[in-house]
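For reference, the structure is listed below as C-alpha coordinates.
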Amino acid sequence: MLRDITLGQYYQTESVLHRMDPRVKLAGTLIYMISLFLYKNLTAYILAFLFLLSVIKISKVPFKYMVKGLKTVMVLLFITSIFNIFYTKGEPLFTIWKFVITKEGVANAVYIMIRLSFLIIGSSLMTLTTTPNQLTDGLEKLLGPLKKIKVPVHEVSMMMSIALRFIPILMEETDKIMKAQMARGANFESKKLMEKIKAMVPLLVPLFISAFRRANDLAMAMEARCYQGGEGRTRMKPLVYKKIDYVAYGVLIIYVASVIICGRLIPIHLL
Amino acid sequence: MGIIQTKNLVFEYIRRDEEGNVEGFTRAVDNVNLDIKQGDFIAVLGHNGSGKSTFAKHLNAILYPTEGAVFVDGKNTTKKDNLWDVRRTAGMVFQNPDNQIIGQVVEEDVGFGPENMGVPTKEIWERVEESLKAVGMYEYRKHSPNKLSGGQKQRVSIAGVLAMHPKCIILDEPTAMLDPKGRKEVIRAVRALNQVENITVILITHYMEEVIYADKVVVMDKGRVAMEGTPKEIFSKVDKLKELRLDVPQVTLLAHELKKSGVKLPDGILTTEEFVKELSKVFGNR
(Lines give C-alpha, C1' and ligand atoms only; values in the text may rest on other atoms or scores of the structure.)
Protein backbone atom coordinates (compact mmCIF):
# COMPACT_ATOMS: atom_id res chain seq x y z
CA MET A 1 0.00 0.00 0.00
CA LEU A 2 2.83 2.38 0.87
CA ARG A 3 4.26 1.93 -2.54
CA ASP A 4 1.12 3.23 -4.23
CA ILE A 5 1.28 6.68 -2.73
CA THR A 6 2.63 8.99 -5.41
CA LEU A 7 3.07 11.81 -2.93
CA GLY A 8 6.76 12.49 -2.58
CA GLN A 9 7.94 10.60 -5.62
CA TYR A 10 9.85 12.10 -8.46
CA TYR A 11 8.78 11.52 -12.04
CA GLN A 12 11.66 11.92 -14.49
CA THR A 13 10.79 13.74 -17.70
CA GLU A 14 11.77 16.91 -19.51
CA SER A 15 9.43 19.85 -18.96
CA VAL A 16 9.40 23.54 -18.08
CA LEU A 17 8.09 22.67 -14.65
CA HIS A 18 10.97 20.27 -14.06
CA ARG A 19 13.51 22.92 -14.95
CA MET A 20 11.95 25.55 -12.71
CA ASP A 21 13.63 26.68 -9.52
CA PRO A 22 12.41 24.63 -6.54
CA ARG A 23 11.73 27.84 -4.63
CA VAL A 24 9.16 28.90 -7.20
CA LYS A 25 7.46 25.54 -6.95
CA LEU A 26 7.43 25.58 -3.16
CA ALA A 27 6.03 29.10 -3.05
CA GLY A 28 3.59 28.26 -5.83
CA THR A 29 2.24 25.24 -3.98
CA LEU A 30 1.75 27.28 -0.83
CA ILE A 31 -0.01 30.09 -2.71
CA TYR A 32 -2.20 27.60 -4.53
CA MET A 33 -3.22 25.99 -1.24
CA ILE A 34 -4.14 29.36 0.24
CA SER A 35 -6.08 30.31 -2.88
CA LEU A 36 -8.23 27.20 -2.45
CA PHE A 37 -9.35 28.34 0.97
CA LEU A 38 -9.93 32.01 0.16
CA TYR A 39 -13.51 31.78 -1.12
CA LYS A 40 -16.21 29.22 -0.82
CA ASN A 41 -17.84 29.53 -4.22
CA LEU A 42 -17.68 27.86 -7.59
CA THR A 43 -15.98 30.76 -9.39
CA ALA A 44 -12.81 30.39 -7.36
CA TYR A 45 -12.84 26.63 -7.87
CA ILE A 46 -13.31 26.88 -11.61
CA LEU A 47 -10.30 29.18 -11.77
CA ALA A 48 -8.30 26.81 -9.52
CA PHE A 49 -9.32 23.91 -11.72
CA LEU A 50 -8.23 25.66 -14.90
CA PHE A 51 -4.94 26.63 -13.32
CA LEU A 52 -4.29 23.09 -12.11
CA LEU A 53 -5.22 21.62 -15.47
CA SER A 54 -2.79 23.85 -17.34
CA VAL A 55 0.02 23.14 -14.86
CA ILE A 56 -0.58 19.39 -15.24
CA LYS A 57 -0.45 19.83 -18.99
CA ILE A 58 2.85 21.73 -18.74
CA SER A 59 4.39 19.21 -16.32
CA LYS A 60 4.08 16.35 -18.86
CA VAL A 61 3.49 13.93 -16.00
CA PRO A 62 0.83 11.46 -17.18
CA PHE A 63 -2.47 12.15 -15.43
CA LYS A 64 -2.96 8.43 -14.84
CA TYR A 65 0.25 8.30 -12.84
CA MET A 66 -0.93 11.13 -10.64
CA VAL A 67 -4.37 9.65 -9.99
CA LYS A 68 -2.86 6.30 -9.11
CA GLY A 69 -1.42 7.94 -6.04
CA LEU A 70 -4.77 9.40 -5.11
CA LYS A 71 -6.55 6.09 -4.64
CA THR A 72 -5.51 5.58 -1.04
CA VAL A 73 -6.28 9.17 -0.13
CA MET A 74 -9.72 8.85 -1.75
CA VAL A 75 -11.00 6.83 1.20
CA LEU A 76 -10.11 9.66 3.53
CA LEU A 77 -11.76 12.19 1.21
CA PHE A 78 -14.89 10.13 1.08
CA ILE A 79 -15.19 9.84 4.85
CA THR A 80 -14.67 13.58 5.30
CA SER A 81 -17.41 14.47 2.86
CA ILE A 82 -19.87 11.96 4.38
CA PHE A 83 -19.42 13.61 7.75
CA ASN A 84 -20.02 16.96 6.13
CA ILE A 85 -23.27 15.80 4.58
CA PHE A 86 -24.70 14.55 7.87
CA TYR A 87 -23.42 17.08 10.31
CA THR A 88 -24.11 20.42 8.66
CA LYS A 89 -27.19 22.22 9.92
CA GLY A 90 -29.36 24.26 7.59
CA GLU A 91 -32.25 24.07 5.19
CA PRO A 92 -33.41 20.43 5.10
CA LEU A 93 -33.42 18.83 1.67
CA PHE A 94 -34.70 15.34 2.53
CA THR A 95 -34.42 12.82 5.38
CA ILE A 96 -33.10 9.27 5.38
CA TRP A 97 -34.22 7.37 8.46
CA LYS A 98 -33.00 9.63 11.32
CA PHE A 99 -30.58 11.74 9.34
CA VAL A 100 -31.55 15.06 7.88
CA ILE A 101 -29.69 15.93 4.73
CA THR A 102 -29.39 19.67 4.35
CA LYS A 103 -28.73 21.84 1.34
CA GLU A 104 -25.68 23.33 3.02
CA GLY A 105 -24.44 19.87 3.91
CA VAL A 106 -24.39 18.72 0.31
CA ALA A 107 -22.74 21.93 -0.79
CA ASN A 108 -20.14 21.63 1.96
CA ALA A 109 -19.39 18.04 1.02
CA VAL A 110 -18.84 18.96 -2.59
CA TYR A 111 -16.63 21.90 -1.65
CA ILE A 112 -14.51 19.86 0.71
CA MET A 113 -14.15 17.17 -1.94
CA ILE A 114 -12.97 19.70 -4.51
CA ARG A 115 -10.66 21.51 -2.10
CA LEU A 116 -8.90 18.43 -0.81
CA SER A 117 -8.46 16.70 -4.13
CA PHE A 118 -7.08 19.89 -5.73
CA LEU A 119 -4.82 20.34 -2.74
CA ILE A 120 -3.42 16.84 -2.99
CA ILE A 121 -2.95 16.91 -6.75
CA GLY A 122 -1.38 20.35 -6.48
CA SER A 123 1.16 19.36 -3.86
CA SER A 124 1.96 16.04 -5.49
CA LEU A 125 2.65 17.98 -8.70
CA MET A 126 5.44 19.71 -6.85
CA THR A 127 7.06 16.51 -5.57
CA LEU A 128 6.58 14.82 -8.92
CA THR A 129 8.57 17.48 -10.72
CA THR A 130 11.24 18.24 -8.09
CA THR A 131 14.00 15.89 -6.95
CA PRO A 132 14.26 15.49 -3.16
CA ASN A 133 17.64 17.18 -3.31
CA GLN A 134 16.33 20.23 -5.10
CA LEU A 135 13.50 20.32 -2.61
CA THR A 136 15.80 20.42 0.40
CA ASP A 137 18.00 22.99 -1.35
CA GLY A 138 14.96 25.13 -2.03
CA LEU A 139 13.74 24.83 1.54
CA GLU A 140 17.14 25.75 2.87
CA LYS A 141 17.28 28.86 0.74
CA LEU A 142 13.67 29.89 1.42
CA LEU A 143 14.01 29.42 5.16
CA GLY A 144 17.44 31.08 5.12
CA PRO A 145 16.28 34.22 6.95
CA LEU A 146 15.35 32.02 9.93
CA LYS A 147 19.08 31.49 10.54
CA LYS A 148 19.12 34.95 12.10
CA ILE A 149 16.93 33.71 14.93
CA LYS A 150 19.22 30.68 15.36
CA VAL A 151 17.09 28.11 13.55
CA PRO A 152 19.57 25.47 12.23
CA VAL A 153 18.23 25.61 8.67
CA HIS A 154 21.32 24.19 6.97
CA GLU A 155 21.64 21.32 9.44
CA VAL A 156 18.00 20.36 9.08
CA SER A 157 18.12 20.33 5.30
CA MET A 158 21.39 18.36 5.37
CA MET A 159 19.76 15.80 7.65
CA MET A 160 16.78 15.58 5.34
CA SER A 161 18.87 14.90 2.27
CA ILE A 162 20.99 12.32 4.10
CA ALA A 163 17.85 10.62 5.38
CA LEU A 164 16.54 10.44 1.83
CA ARG A 165 19.78 8.91 0.62
CA PHE A 166 19.76 6.25 3.33
CA ILE A 167 16.15 5.12 2.88
CA PRO A 168 16.93 2.56 0.16
CA ILE A 169 20.04 1.35 2.03
CA LEU A 170 18.10 0.79 5.23
CA MET A 171 15.29 -0.90 3.29
CA GLU A 172 17.77 -3.35 1.86
CA GLU A 173 19.21 -3.88 5.31
CA THR A 174 15.75 -4.56 6.77
CA ASP A 175 15.22 -7.16 4.11
CA LYS A 176 18.55 -8.81 4.91
CA ILE A 177 17.89 -8.87 8.66
CA MET A 178 14.41 -10.24 8.05
CA LYS A 179 15.80 -13.10 5.99
CA ALA A 180 18.50 -13.76 8.56
CA GLN A 181 15.93 -13.90 11.38
CA MET A 182 13.63 -16.08 9.30
CA ALA A 183 16.51 -18.50 8.80
CA ARG A 184 16.72 -18.62 12.59
CA GLY A 185 13.03 -19.43 12.90
CA ALA A 186 11.46 -15.99 13.35
CA ASN A 187 7.84 -15.76 12.24
CA PHE A 188 6.90 -12.64 10.29
CA GLU A 189 3.87 -14.15 8.59
CA SER A 190 1.55 -14.30 11.59
CA LYS A 191 -1.79 -12.52 11.23
CA LYS A 192 -2.25 -11.85 14.96
CA LEU A 193 -1.47 -8.30 16.00
CA MET A 194 0.40 -9.21 19.19
CA GLU A 195 2.62 -11.68 17.40
CA LYS A 196 3.22 -9.20 14.63
CA ILE A 197 4.43 -6.63 17.13
CA LYS A 198 6.60 -9.21 18.87
CA ALA A 199 8.17 -10.15 15.55
CA MET A 200 9.25 -6.55 15.04
CA VAL A 201 11.62 -6.60 18.01
CA PRO A 202 14.29 -8.89 16.52
CA LEU A 203 14.00 -6.83 13.35
CA LEU A 204 14.20 -3.35 14.81
CA VAL A 205 16.97 -3.89 17.34
CA PRO A 206 19.64 -4.95 14.81
CA LEU A 207 18.37 -2.34 12.37
CA PHE A 208 18.82 0.44 14.91
CA ILE A 209 22.27 -0.78 15.90
CA SER A 210 23.35 -0.85 12.30
CA ALA A 211 21.84 2.57 11.62
CA PHE A 212 23.83 4.04 14.50
CA ARG A 213 27.01 2.43 13.22
CA ARG A 214 26.35 3.83 9.78
CA ALA A 215 25.70 7.27 11.21
CA ASN A 216 29.00 7.12 13.04
CA ASP A 217 30.89 6.09 9.90
CA LEU A 218 29.18 8.73 7.83
CA ALA A 219 29.98 11.47 10.31
CA MET A 220 33.63 10.45 10.18
CA ALA A 221 33.64 10.38 6.39
CA MET A 222 32.01 13.81 6.24
CA GLU A 223 34.57 15.26 8.62
CA ALA A 224 37.39 13.71 6.64
CA ARG A 225 36.04 15.59 3.64
CA CYS A 226 36.27 18.90 5.48
CA TYR A 227 32.59 19.23 6.39
CA GLN A 228 32.27 21.98 8.97
CA GLY A 229 28.64 23.03 8.79
CA GLY A 230 27.01 25.51 6.43
CA GLU A 231 29.50 28.27 7.19
CA GLY A 232 31.78 29.13 4.27
CA ARG A 233 30.29 26.46 2.06
CA THR A 234 29.86 26.99 -1.67
CA ARG A 235 27.34 25.18 -3.81
CA MET A 236 27.90 22.96 -6.77
CA LYS A 237 24.40 23.62 -8.04
CA PRO A 238 23.49 27.06 -6.71
CA LEU A 239 19.88 28.16 -6.99
CA VAL A 240 19.66 31.05 -9.41
CA TYR A 241 16.40 32.50 -10.68
CA LYS A 242 16.11 32.36 -14.44
CA LYS A 243 13.69 34.01 -16.80
CA ILE A 244 11.09 31.26 -16.58
CA ASP A 245 11.08 31.57 -12.80
CA TYR A 246 10.17 35.23 -12.96
CA VAL A 247 7.52 34.43 -15.55
CA ALA A 248 6.17 31.74 -13.21
CA TYR A 249 5.99 34.20 -10.33
CA GLY A 250 4.12 36.59 -12.65
CA VAL A 251 1.63 33.89 -13.60
CA LEU A 252 1.11 33.08 -9.93
CA ILE A 253 0.36 36.69 -9.07
CA ILE A 254 -2.11 36.97 -11.97
CA TYR A 255 -3.78 33.75 -10.82
CA VAL A 256 -4.16 34.89 -7.22
CA ALA A 257 -5.41 38.32 -8.32
CA SER A 258 -8.03 36.83 -10.61
CA VAL A 259 -9.18 34.42 -7.88
CA ILE A 260 -9.64 37.33 -5.48
CA ILE A 261 -11.38 39.57 -8.00
CA CYS A 262 -13.67 36.96 -9.55
CA GLY A 263 -14.34 35.22 -6.25
CA ARG A 264 -15.54 38.46 -4.69
CA LEU A 265 -17.31 40.12 -7.61
CA ILE A 266 -18.99 37.26 -9.46
CA PRO A 267 -19.56 34.47 -6.95
CA ILE A 268 -21.52 31.49 -8.26
CA HIS A 269 -22.96 29.33 -5.51
CA LEU A 270 -23.85 25.70 -5.63
CA LEU A 271 -27.56 25.02 -5.09
CA MET B 1 61.09 15.74 5.41
CA GLY B 2 58.45 13.93 3.40
CA ILE B 3 54.77 14.55 2.91
CA ILE B 4 53.86 12.48 5.94
CA GLN B 5 56.06 11.95 8.91
CA THR B 6 55.33 10.29 12.21
CA LYS B 7 57.60 10.68 15.20
CA ASN B 8 57.38 8.10 18.00
CA LEU B 9 53.64 7.88 17.40
CA VAL B 10 51.78 6.24 20.29
CA PHE B 11 48.03 5.84 20.65
CA GLU B 12 46.34 4.32 23.68
CA TYR B 13 42.77 3.26 24.20
CA ILE B 14 41.33 3.32 27.67
CA ARG B 15 39.90 -0.08 28.53
CA ARG B 16 36.90 0.01 30.82
CA ASP B 17 35.01 -2.72 32.61
CA GLU B 18 31.22 -2.93 32.64
CA GLU B 19 30.80 -0.31 35.35
CA GLY B 20 32.95 2.12 33.43
CA ASN B 21 35.97 1.89 35.70
CA VAL B 22 39.31 2.15 33.98
CA GLU B 23 40.86 -1.29 33.70
CA GLY B 24 43.98 -0.27 31.90
CA PHE B 25 45.33 1.00 28.62
CA THR B 26 45.73 -0.76 25.32
CA ARG B 27 48.44 0.46 23.04
CA ALA B 28 46.91 0.33 19.57
CA VAL B 29 49.83 2.12 17.96
CA ASP B 30 53.22 1.79 19.58
CA ASN B 31 56.17 3.95 18.69
CA VAL B 32 55.77 4.20 14.93
CA ASN B 33 58.35 6.21 13.02
CA LEU B 34 57.70 6.64 9.35
CA ASP B 35 58.77 9.15 6.71
CA ILE B 36 56.78 9.01 3.51
CA LYS B 37 57.97 10.86 0.42
CA GLN B 38 55.69 12.67 -2.05
CA GLY B 39 54.66 10.33 -4.86
CA ASP B 40 55.31 7.11 -2.97
CA PHE B 41 52.96 4.14 -2.97
CA ILE B 42 53.06 2.74 0.54
CA ALA B 43 51.20 -0.37 1.60
CA VAL B 44 50.50 -1.01 5.25
CA LEU B 45 49.88 -4.67 6.03
CA GLY B 46 48.72 -6.38 9.14
CA HIS B 47 46.15 -8.84 10.42
CA ASN B 48 43.02 -7.75 12.33
CA GLY B 49 43.84 -5.72 15.41
CA SER B 50 47.38 -4.94 14.37
CA GLY B 51 46.71 -1.22 14.70
CA LYS B 52 46.88 -0.40 11.02
CA SER B 53 43.47 1.32 10.84
CA THR B 54 44.13 3.27 14.03
CA PHE B 55 47.40 4.37 12.52
CA ALA B 56 45.65 5.49 9.33
CA LYS B 57 43.15 7.62 11.26
CA HIS B 58 46.02 9.63 12.68
CA LEU B 59 47.15 10.74 9.26
CA ASN B 60 43.84 12.51 8.67
CA ALA B 61 43.52 14.05 12.14
CA ILE B 62 40.52 11.90 13.03
CA LEU B 63 42.48 10.55 15.98
CA TYR B 64 45.20 12.43 17.81
CA PRO B 65 48.39 10.85 19.13
CA THR B 66 48.67 10.09 22.85
CA GLU B 67 52.42 10.57 22.57
CA GLY B 68 54.66 11.65 19.74
CA ALA B 69 53.48 13.60 16.72
CA VAL B 70 52.25 13.33 13.14
CA PHE B 71 53.24 15.86 10.52
CA VAL B 72 51.30 16.15 7.28
CA ASP B 73 53.07 18.34 4.76
CA GLY B 74 55.09 19.74 7.63
CA LYS B 75 52.02 20.60 9.73
CA ASN B 76 51.42 19.11 13.15
CA THR B 77 48.01 17.41 13.20
CA THR B 78 47.33 18.16 16.86
CA LYS B 79 47.20 21.91 16.27
CA LYS B 80 43.60 23.07 15.80
CA ASP B 81 44.55 25.67 13.18
CA ASN B 82 46.06 23.01 10.96
CA LEU B 83 43.03 20.71 11.03
CA TRP B 84 41.42 21.66 7.71
CA ASP B 85 44.77 22.00 5.96
CA VAL B 86 45.70 18.51 7.08
CA ARG B 87 42.40 17.04 5.92
CA ARG B 88 42.72 18.82 2.61
CA THR B 89 46.26 17.53 2.04
CA ALA B 90 45.58 13.97 3.12
CA GLY B 91 42.24 12.64 1.90
CA MET B 92 40.81 9.48 3.34
CA VAL B 93 38.79 6.65 1.80
CA PHE B 94 37.05 4.29 4.20
CA GLN B 95 36.09 0.65 4.12
CA ASN B 96 32.34 0.72 3.62
CA PRO B 97 31.41 2.53 0.40
CA ASP B 98 27.76 2.97 1.44
CA ASN B 99 28.63 4.83 4.59
CA GLN B 100 30.78 7.48 2.98
CA ILE B 101 28.71 8.55 0.00
CA ILE B 102 26.68 11.59 0.97
CA GLY B 103 25.12 12.71 -2.30
CA GLN B 104 22.13 11.16 -4.00
CA VAL B 105 23.69 11.56 -7.41
CA VAL B 106 27.28 10.54 -8.19
CA GLU B 107 28.39 14.01 -9.30
CA GLU B 108 26.83 15.67 -6.25
CA ASP B 109 28.75 13.37 -3.96
CA VAL B 110 32.05 14.10 -5.68
CA GLY B 111 31.29 17.80 -5.34
CA PHE B 112 30.72 17.53 -1.59
CA GLY B 113 34.38 17.97 -0.60
CA PRO B 114 35.04 21.04 -2.77
CA GLU B 115 31.71 22.54 -1.60
CA ASN B 116 32.90 22.26 1.99
CA MET B 117 36.19 23.89 1.10
CA GLY B 118 34.44 26.88 -0.41
CA VAL B 119 35.60 26.32 -3.98
CA PRO B 120 33.76 28.53 -6.53
CA THR B 121 30.91 26.80 -8.39
CA LYS B 122 32.57 26.77 -11.80
CA GLU B 123 35.72 25.20 -10.44
CA ILE B 124 33.71 22.56 -8.55
CA TRP B 125 32.28 21.36 -11.85
CA GLU B 126 35.75 21.20 -13.39
CA ARG B 127 37.12 19.27 -10.44
CA VAL B 128 34.18 16.86 -10.44
CA GLU B 129 34.57 16.15 -14.13
CA GLU B 130 38.31 15.65 -13.89
CA SER B 131 38.15 13.39 -10.81
CA LEU B 132 35.38 11.24 -12.21
CA LYS B 133 37.37 10.82 -15.40
CA ALA B 134 40.47 9.88 -13.42
CA VAL B 135 38.70 6.92 -11.81
CA GLY B 136 36.77 6.03 -14.96
CA MET B 137 33.32 6.82 -13.58
CA TYR B 138 32.45 9.83 -15.74
CA GLU B 139 29.67 8.13 -17.64
CA TYR B 140 27.92 7.33 -14.36
CA ARG B 141 27.87 10.94 -13.13
CA LYS B 142 24.08 11.24 -13.26
CA HIS B 143 23.42 7.86 -11.63
CA SER B 144 22.21 7.20 -8.12
CA PRO B 145 25.00 5.67 -5.99
CA ASN B 146 22.55 3.03 -4.80
CA LYS B 147 22.49 1.48 -8.25
CA LEU B 148 26.26 1.05 -8.58
CA SER B 149 28.33 -2.02 -7.75
CA GLY B 150 30.66 -2.06 -4.75
CA GLY B 151 33.76 -1.41 -6.82
CA GLN B 152 32.08 1.46 -8.63
CA LYS B 153 30.89 3.00 -5.36
CA GLN B 154 34.38 2.82 -3.95
CA ARG B 155 35.76 4.51 -7.08
CA VAL B 156 33.20 7.28 -6.59
CA SER B 157 34.48 7.66 -3.01
CA ILE B 158 38.02 7.94 -4.35
CA ALA B 159 36.88 10.56 -6.86
CA GLY B 160 35.22 12.43 -3.99
CA VAL B 161 38.55 12.64 -2.21
CA LEU B 162 40.40 13.43 -5.41
CA ALA B 163 38.18 16.44 -6.11
CA MET B 164 39.66 18.06 -3.02
CA HIS B 165 43.05 18.00 -4.78
CA PRO B 166 44.92 16.22 -2.01
CA LYS B 167 48.63 15.51 -2.16
CA CYS B 168 48.10 12.21 -0.46
CA ILE B 169 45.30 9.66 -0.31
CA ILE B 170 44.93 7.23 2.56
CA LEU B 171 42.81 4.21 1.79
CA ASP B 172 41.68 2.29 4.85
CA GLU B 173 40.96 -1.24 3.60
CA PRO B 174 39.02 0.06 0.60
CA THR B 175 38.57 -3.40 -0.87
CA ALA B 176 37.60 -5.38 2.22
CA MET B 177 33.90 -5.43 1.33
CA LEU B 178 34.29 -5.95 -2.42
CA ASP B 179 34.28 -8.97 -4.70
CA PRO B 180 37.47 -9.85 -6.62
CA LYS B 181 36.34 -7.88 -9.67
CA GLY B 182 35.59 -4.77 -7.67
CA ARG B 183 38.89 -5.15 -5.85
CA LYS B 184 40.78 -5.14 -9.12
CA GLU B 185 38.90 -2.05 -10.36
CA VAL B 186 39.75 -0.10 -7.24
CA ILE B 187 43.40 -1.09 -7.15
CA ARG B 188 43.80 -0.26 -10.82
CA ALA B 189 42.31 3.20 -10.22
CA VAL B 190 44.56 3.78 -7.22
CA ARG B 191 47.68 2.75 -9.11
CA ALA B 192 46.79 5.05 -11.99
CA LEU B 193 46.46 7.99 -9.61
CA ASN B 194 49.82 7.24 -8.13
CA GLN B 195 51.61 6.87 -11.44
CA VAL B 196 49.85 9.49 -13.56
CA GLU B 197 49.02 12.20 -11.04
CA ASN B 198 51.94 11.50 -8.72
CA ILE B 199 49.67 11.39 -5.69
CA THR B 200 51.09 9.75 -2.59
CA VAL B 201 49.07 6.64 -1.78
CA ILE B 202 48.91 4.92 1.56
CA LEU B 203 47.01 1.70 1.17
CA ILE B 204 45.96 -0.12 4.30
CA THR B 205 45.05 -3.70 3.47
CA HIS B 206 45.31 -7.33 4.38
CA TYR B 207 45.24 -8.61 0.81
CA MET B 208 48.74 -9.56 -0.25
CA GLU B 209 47.99 -9.28 -3.97
CA GLU B 210 47.42 -5.55 -3.59
CA VAL B 211 50.78 -5.00 -2.01
CA ILE B 212 53.05 -6.18 -4.80
CA TYR B 213 52.82 -2.89 -6.73
CA ALA B 214 53.83 -0.76 -3.76
CA ASP B 215 57.14 1.08 -3.53
CA LYS B 216 57.39 0.20 0.09
CA VAL B 217 55.58 -2.19 2.40
CA VAL B 218 55.14 -1.65 6.12
CA VAL B 219 54.03 -4.68 8.11
CA MET B 220 52.38 -3.89 11.43
CA ASP B 221 51.91 -6.19 14.38
CA LYS B 222 50.61 -5.31 17.85
CA GLY B 223 50.83 -1.64 16.99
CA ARG B 224 54.51 -1.78 16.08
CA VAL B 225 56.22 -1.75 12.74
CA ALA B 226 57.31 -5.36 12.41
CA MET B 227 58.84 -5.25 8.93
CA GLU B 228 59.62 -2.53 6.43
CA GLY B 229 60.98 -2.74 2.90
CA THR B 230 60.22 -3.26 -0.77
CA PRO B 231 57.66 -5.96 -1.64
CA LYS B 232 60.51 -8.18 -2.79
CA GLU B 233 62.34 -7.84 0.48
CA ILE B 234 59.21 -8.47 2.49
CA PHE B 235 58.06 -11.50 0.54
CA SER B 236 61.44 -13.13 0.59
CA LYS B 237 60.87 -13.65 4.31
CA VAL B 238 57.99 -16.08 4.00
CA ASP B 239 58.54 -17.67 7.39
CA LYS B 240 58.52 -14.35 9.21
CA LEU B 241 55.27 -13.37 7.48
CA LYS B 242 53.68 -16.63 8.54
CA GLU B 243 54.73 -15.90 12.09
CA LEU B 244 52.85 -12.61 11.84
CA ARG B 245 49.79 -14.55 10.64
CA LEU B 246 49.84 -13.06 7.17
CA ASP B 247 49.19 -14.94 3.95
CA VAL B 248 51.74 -14.86 1.20
CA PRO B 249 50.68 -14.71 -2.50
CA GLN B 250 50.34 -18.24 -3.83
CA VAL B 251 53.14 -17.91 -6.39
CA THR B 252 55.52 -16.64 -3.75
CA LEU B 253 54.61 -19.51 -1.49
CA LEU B 254 55.09 -22.06 -4.27
CA ALA B 255 58.47 -20.60 -5.15
CA HIS B 256 59.43 -20.63 -1.50
CA GLU B 257 58.49 -24.30 -1.11
CA LEU B 258 60.31 -25.26 -4.31
CA LYS B 259 63.39 -23.47 -3.12
CA LYS B 260 63.25 -25.26 0.18
CA SER B 261 63.25 -28.60 -1.64
CA GLY B 262 66.29 -27.71 -3.67
CA VAL B 263 65.19 -25.85 -6.82
CA LYS B 264 67.46 -22.86 -7.40
CA LEU B 265 64.99 -19.98 -7.43
CA PRO B 266 65.61 -16.40 -6.24
CA ASP B 267 63.82 -15.01 -3.20
CA GLY B 268 60.71 -12.86 -3.31
CA ILE B 269 58.99 -13.89 -6.53
CA LEU B 270 55.75 -11.89 -6.69
CA THR B 271 53.98 -12.52 -9.99
CA THR B 272 53.19 -15.56 -12.08
CA GLU B 273 55.12 -14.14 -15.07
CA GLU B 274 58.21 -13.68 -12.97
CA PHE B 275 57.86 -17.20 -11.61
CA VAL B 276 57.52 -18.71 -15.09
CA LYS B 277 60.58 -16.78 -16.26
CA GLU B 278 62.72 -17.90 -13.36
CA LEU B 279 61.52 -21.44 -13.61
CA SER B 280 62.34 -21.63 -17.32
CA LYS B 281 65.81 -20.32 -16.49
CA VAL B 282 66.32 -23.28 -14.21
CA PHE B 283 64.75 -25.96 -16.37
CA GLY B 284 64.94 -24.28 -19.78
CA ASN B 285 68.21 -25.86 -20.83
CA ARG B 286 66.97 -29.40 -20.56
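Because the structure is predicted, anything quoted here is derived from the model rather than measured. Order of the sequence lines fixes the chain letters, A, B, ..., with proteins taken first and strands second; residue numbering starts at 1 for each chain.
Using a 4.5 Å cut-off between heavy atoms, B:Ile102 contacts chain A through both its backbone and its side chain. At a 4.5 Å heavy-atom cutoff, B:Val93 makes no contact with chain A through either its backbone or its side chain. Both the backbone and the side chain of B:Ile101 come within less than 4.5 Å of a heavy atom in chain A. For a residue to count as touching a neighbouring chain, one of its non-hydrogen atoms must lie under 4.5 Å from one of that chain's; by this rule B:Gln95 does not touch chain A. Proximity to chain A (any heavy atom under 4.5 Å) is restricted, for B:Phe94, to the side chain, taken from C-beta onward.
Within 6.0 Å of the CD atom in B:Glu139, the count of heavy atoms belonging to other residues, nucleotides or ligands exceeds 12. Within a 6.0 Å sphere centred on CZ of A:Phe63, heavy atoms belonging to other residues, nucleotides or ligands number 12 at most. Open room surrounds OH on B:Tyr140; 12 or fewer heavy atoms of other groups in view lie less than 6.0 Å from it. For A:Met200, the CE atom sits in a loose shell: 12 or fewer heavy atoms of surrounding residues, nucleotides or ligands are nearer than 6.0 Å.
With rounding to the nearest 0.5 angstrom, the CZ atom of A:Phe166 is 10.5 Å from the CD atom of B:Gln104. Here A:Ile169 contributes atom CD1 and B:Asp98 contributes atom CG; the two are 4.0 Å apart, rounded to the nearest 0.5 Å.
Across B:Glu108, B:Glu123, B:Lys122, B:Gln100, the residue that shares the most heavy-atom pairs under 4.5 angstrom with chain A is B:Glu108.
Summarising the geometry of B:Asn116 relative to A:Gln228, their closest heavy-atom pair is O-NE2, 4.0 Å, with the distance given to 0.1 Å.
Without hydrogens or angle criteria, B:Glu115 side chain to A:Arg235 main chain gives no donor-acceptor distance under 3.5 Å. Looking at A:Thr234, its side chain never comes within 3.5 Å of a backbone N or O of B:Pro120 through a donor-acceptor pair. Side-chain atoms of B:Trp84 do not come within 3.5 Å of backbone N or O of A:Cys226 as any donor-acceptor pair.
Side-chain contact between A:Met220 and B:Met92 is absent, with no heavy atoms from C-beta onward closer than 4.5 Å. Using a 4.5 Å heavy-atom threshold, the side chains of A:Lys237 and B:Trp125 count as touching. Between B:Phe112 and A:Met236, the closest side-chain pair of non-hydrogen atoms is not below 4.5 Å. For the pair B:Met117/A:Arg225, no side-chain contact is recorded, criterion being any heavy-atom separation below 4.5 Å from C-beta on.
B:Asn146 and A:Arg165 are linked by a side-chain donor-acceptor pair at a separation below 3.5 angstrom, with hydrogens and angles left out of the test.
Residues of residues 160-181 of chain B lying under 4.5 angstrom from chain A, judged on non-hydrogen atoms, are B:Gly160, B:Met164 in numerical order.
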